[in-house]
Amino acid sequence: VQLQASGGGLVQAGGSMRLSCVVTKTFANYFMGWFRQAPGKSREFVATTTWSGGTAYYADSVKGRFTITRENAKNTVSLQMNSLKPEDTAVYYCAADSDFTDLRNGVRIDYWGQGTQVTVSS
């Protein structure tokens, strides 16, 4: 297993949740990101960060509420989600790619983790 996501579950609107994605060391130079797919919708970009540079980018819908971080010592990329809304309900996927543009656009992704369900109740 190269990307292992965890941390999903059920939370009330306004609450917080933290997702984690454990990766193998071979991803040291990869861009890492999170995507999500809600029922009946296509997969969409949520956030991305460089593994070593610490630069992060967010979808407008989550900006100011979600934070992507990486802990190199633990080979982990996390997504802290605050002020959750029912519309954040989706299966969340971590992803790794050597090309930022591909990762940001969700195309030709090199590696996907398995999804983890996040459900936000109103």
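Just so it is clear, the structure is predicted and the values come from calculations on it, not from any experiment.
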Is the side chain of [X] donor-acceptor paired with the backbone N or O of [Y] at a distance under 3.5 Å, no angle test?
{"X": "Thr76", "Y": "Lys74", "answer": "yes"}
{"X": "Thr89", "Y": "Val120", "answer": "yes"}
{"X": "Asp99", "Y": "Thr101", "answer": "yes"}
{"X": "Thr116", "Y": "Gly8", "answer": "yes"}

Could you give the distance from [atom1] ([X]) to [atom2] ([Y]), rounded to the nearest 0.5 Å?
{"X": "Arg65", "Y": "Lys85", "atom1": "CZ", "atom2": "NZ", "value": "4.5 Å"}
{"X": "Gln117", "Y": "Gln37", "atom1": "CD", "atom2": "CD", "value": "10.5 Å"}
{"X": "Leu79", "Y": "Thr49", "atom1": "CG", "atom2": "OG1", "value": "11.0 Å"}
{"X": "Tyr57", "Y": "Arg104", "atom1": "OH", "atom2": "CZ", "value": "10.5 Å"}
{"X": "Asp110", "Y": "Leu3", "atom1": "CG", "atom2": "CG", "value": "10.5 Å"}
{"X": "Cys94", "Y": "Gln4", "atom1": "SG", "atom2": "CD", "value": "8.0 Å"}

Is there a side-chain contact between [X] and [Y], using heavy atoms and a 4.5 Å cut-off?
{"X": "Phe66", "Y": "Leu84", "value": "yes"}
{"X": "Phe45", "Y": "Tyr58", "value": "no"}
{"X": "Ser16", "Y": "Met81", "value": "no"}
{"X": "Leu10", "Y": "Ser121", "value": "yes"}
{"X": "Asp97", "Y": "Tyr111", "value": "no"}

Checklist entry - So with a 6.0 Å cut-off around NZ of Lys63, is the heavy-atom count from everything else above 12? => result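 It does: Lys63 NZ has more than 12 such atoms within range.
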Next on the checklist: Do the side chains of Arg36 and Asp88 get close enough for a salt bridge, i.e. N-O under 4.0 angstrom?
Outcome noted: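 Salt bridge flag = yes for Asp88 with Arg36.
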Can you see which heavy atom on [X] is nearest to which on [Y], and at what distance?
{"X": "Pro86", "Y": "Ser122", "result": "CG-CB, 3.8 Å"}
{"X": "Gly33", "Y": "Ile68", "result": "CA-CD1, 4.3 Å"}
{"X": "Ala95", "Y": "Ile109", "result": "CB-CG2, 3.8 Å"}

Next on the checklist: Students often mix this up, so state it plainly: with edges at 30° and 60°, are the rings of Phe35 and Trp112 parallel, tilted or perpendicular?
Outcome noted: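 Rings of Phe35 and Trp112: perpendicular, as their planes differ by over 60°.
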Item to check | Same apolar cluster (I L V M F W Y, side chains within < 4.5 Å links), Val11/Tyr92 | outcome: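 Same hydrophobic cluster.
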Checklist entry - Do Val22 and Val118 share a hydrophobic cluster, counting only Ile, Leu, Val, Met, Phe, Trp and Tyr and linking them when any side-chain heavy atoms are less than 4.5 Å apart? => result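 No, Val22 and Val118 fall in different hydrophobic clusters.
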Checklist entry - Is there a side-chain contact (heavy atoms from CB on, under 4.5 Å) between Tyr93 and Val46 once you walk through the steps? => result CA-CA 9 Å; Tyr93 299 88; Val46 175; over 6 Å; no
